[in-house]
Number of protein chains: 2
Amino acid sequence: MVGIKRGGFMRLSTRGRYGLKAMYQLAIHYGEGPIPLKSVADRQNLSENYLEQLVSVLRKEGLLNSVRGAQGGYMLAKPPENITVGDILRILEGDIAPADCVIDGGYECENEKSCVTKTVWIKIRDSIDEVIDSITLQDMLDKRQRNEKNFIDWED
Amino acid sequence: MVGIKRGGFMRLSTRGRYGLKAMYQLAIHYGEGPIPLKSVADRQNLSENYLEQLVSVLRKEGLLNSVRGAQGGYMLAKPPENITVGDILRILEGDIAPADCVIDGGYECENEKSCVTKTVWIKIRDSIDEVIDSITLQDMLDKRQRNEKNFIDWED
DNA sequence: TTATACCCTACTATTTTTGTCAACATTCCA
DNA sequence: TGGAATGTTGACAAAAATAGTAGGGTATAA
Ligand code: FES
Ligand code: FES
């Protein structure tokens with residue numbers, strides 16, 4: 001391949017992007033009982049089947065509860081202030097890893113003990129960690145409240 | 001696909017990883033005239049042909065100069081203190097973009113004006129920007145000097 | 001008992017990444 | 001002057017990751 005990569009970098013996959021949006025949507029309706037996934041998928045124009053795969057993992061990891069059958073659906077297993085963006089993204093995407101050598105058990109180059117490049121990856125990783133671990137779903141809801149003063153009735 | 005993604009996220013491709021290593025290697029030999037790519041590739045056990053593609057882009061973007069023919073090679077076009085990690089990564093990987101909507105001209109969801117999720121992507125992007133723009137090749141060389149006191153004669 | 005909705009697994013299509021290869025152009029040096 | 005070293009370019013291909021599709025099963029409310 002020739003030329004500059006088109007896509008940009010440090011991109012999340014749809015797993016993390018759809019997943020966070022879905023969790024945010026469920027946070028909006030926290031306390032209202034189970035919300036069917038179909039309504040979330042419709043609201044965001046996503047494949048319900050695909051979203052189901054993501055949500056299923058979030059449930060197994062304890063971030064969501066589910067109720068089967070008619071009138072069933074999903075709901076947050078914890079209050080929005082106890083769920084961070086980092087919790088969600090790590091479950092759906094794995095650990096943050098600009099390069100393999102910053103993962104446990106990952107490959108390290110021969111000079112790992114004094115590898116300067118590795119220190120760069122570590123700084124990037126730590127800075128992302130700090131951001132995603134500091135934002136909770138409740139923070140996002142608060143932000144929404146402030147926005148609502150200007151833009152009414154959206155994203156319910 | 002089922003289960004948690006294996007690879008981890010926010011990963012750089014080999015383009016960025018090989019590219020930064022190569023630039024660092026050339027920084028080590030800054031001022032010594034052109035360095036053949038073969039020596040860089042050998043040192044890092046990379047395909048010379050593949051590395052050539054990356055280096056070629058860095059040259060076109062003005063970060064490297066080249067000299068053709070025998071005794072030729074590549075060298076930094078600017079002093080190491082004037083080249084940042086961000087310069088290199090953006091050329092090889094494109095702009096930082098956790099999601100499309102933080103790129104110019106990228107897709108935005110219907111609520112882009114007040115999209116809360118977008119503010120999360122922006123915070124992630126900004127935090128990465130800050131890290132990679134603050135590290136120069138000279139910083140990496142300095143770090144190397146300090147390491148050399150403990151681990152002699154490596155990565156030349 | 002029927003419609004709704006979660007649950008699970010397998011399969012497929014598409015895109016991106018990671019190279020390989022071959023032919024060519026320029027320069028040094030013996 | 002000729003050949004070895006080195007950069008230049010573009011086409012092609014293999015491999016991996018991503019993004020979905022499809023469909024059958026199970027539990028529950030009404
Ligand atoms: S140990 Fe990761 S780049 Fe050296
Ligand atoms: S505008 Fe990007 S997620 Fe809404």
Side-chain angles (χ1 to χ4, degrees), chain A residues 1-19 21-22 26 33-42 44-61 64-75 77 92-94 97 99-100 107, chain B residues 1-19 21-22 26 33-42 44-61 64-75 77 92-94 97 99-100 107:
Chain A
M1 182 245 192
V2 146
I4 297 180
K5 196 170 105 168
R6 296 167 206 288
F9 80 115
M10 293 280 157
R11 183 183 307 275
L12 287 132
S13 71
T14 54
R15 293 172 63 83
R17 288 187 280 117
Y18 295 178
K21 277 212 148 191
L26 292 173
I35 309 293
L37 202 55
K38 182 165 181 2
S39 77
V40 177
D42 283 354
Q44 299 178 3
N45 213 25
L46 303 177
S47 149
E48 188 183 348
N49 274 325
Y50 187 49
L51 190 55
E52 197 155 70
Q53 293 179 34
L54 311 183
V55 158
S56 153
V57 179
L58 292 168
R59 181 184 58 82
K60 284 173 187 157
E61 296 290 324
L64 291 177
N65 288 332
S66 63
V67 175
R68 276 158 63 133
Q71 322 305 317
Y74 290 94
M75 48 201 172
L92 292 173
E93 305 256 12
D100 281 335
Y107 165 83
Chain B
M1 181 244 191
V2 145
I4 299 180
K5 196 172 105 168
R6 296 166 206 288
F9 80 113
M10 293 279 156
R11 182 182 307 276
L12 287 132
S13 72
T14 54
R15 293 171 64 84
R17 288 189 278 117
Y18 295 178
K21 278 211 149 191
L26 293 173
I35 309 294
L37 202 56
K38 184 169 182 357
S39 76
V40 177
D42 283 355
Q44 298 178 5
N45 212 26
L46 303 178
S47 149
E48 188 185 348
N49 276 322
Y50 186 48
L51 192 54
E52 182 87 43
Q53 292 180 34
L54 312 183
V55 158
S56 154
V57 179
L58 293 168
R59 179 183 59 83
K60 284 173 188 157
E61 296 290 325
L64 293 176
N65 289 332
S66 62
V67 176
R68 271 150 76 124
Q71 322 307 315
Y74 290 94
M75 49 201 173
L92 292 173
E93 305 255 12
D100 282 335
Y107 165 83

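In terms of phosphate contacts, B:Ser13 brings a side-chain nitrogen or oxygen within less than 4.0 Å of OP1 or OP2 of C:dT18. Taking side-chain N and O atoms only, A:Tyr74 has a distance below 4.0 Å to OP1 or OP2 of C:dC7. Contact check, B:Arg15 against C:dG19: no side-chain N or O comes under 4.0 Å of OP1 or OP2. The phosphate of C:dT17 (OP1 or OP2) has no side-chain N or O of B:Tyr18 nearer than 4.0 angstrom. Contact check, B:Thr14 against C:dT18: a side-chain N or O comes under 4.0 Å of OP1 or OP2.
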Seminar exercise, completed: 5' to 3', nucleotides 22-30 of chain C under a 4.0 Å protein heavy-atom cut-off (B base, S sugar-phosphate only, - none) gives ---BBBSS-

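A:Ile35 comes within contact range of the sugar-phosphate backbone alone, with a heavy-atom separation under 4.0 Å but no base atom that close.
One atom, OH of A:Tyr50, and another, P of C:dC6, lie 18 Å apart when rounded to the nearest Å. Rounded to whole Å, atom C1' of D:dG20 lies 8 Å from atom CD of A:Gln53. The nearest whole Å value for the distance from the CG atom in A:Leu58 to the P atom in C:dC6 is 14 Å. Atom CG in B:Asn45 sits roughly 11 Å away from atom P in C:dG19 (whole-Å rounding). In this structure, A:Phe9 atom CZ and C:dT15 atom P are separated by 24 Å, rounded to whole Å. As a whole-Å value, the separation of B:Asp100 CG from D:dA19 P is 10 Å. For A:Glu48 and C:dC8, the CD to C1' distance is 14 Å, given to the nearest whole Å. Summarising the geometry, the separation between CG on B:Leu92 and C1' on C:dT18 is reported as 14 Å, rounded to the nearest angstrom.
Side-chain N/O atoms of B:Glu52 and base N/O atoms of D:dT6 include no donor-acceptor pair closer than 3.5 Å.
In terms of the side chain to side chain contact (heavy atoms under 4.5 Å, CB included) criterion, B:Gln71 has no residue partners (sequence neighbours excluded). Residues forming a side chain to side chain contact (heavy atoms under 4.5 Å, CB included) with B:Glu52 (at least two apart in sequence, or on another chain): B:Leu37, B:Tyr74.
In this structure, B:Glu93 contributes its side chain and B:Ser13 its backbone to a donor-acceptor pair below 3.5 Å.
In this structure, B:Lys21 NZ and B:Leu46 CG are separated by 8.0 Å, a value rounded to the nearest 0.5 Å. How far CG of B:Leu54 is from CZ of B:Arg17: 11.5 Å, rounded to the nearest 0.5 Å. Rounding to the nearest 0.5 Å places CG of A:Leu92 at 10.0 Å from CG of A:Leu12.
A side chain to side chain contact (heavy atoms under 4.5 Å, CB included) with A:Lys38 holds for exactly one of A:Asp42, A:Val40, A:Ile35; it is A:Asp42.
Toward the 5′ end of DNA chain D lies the nearest nucleotide of B:Arg59, the other residue of the pair B:Arg59 and A:Ser47 mapping further downstream.
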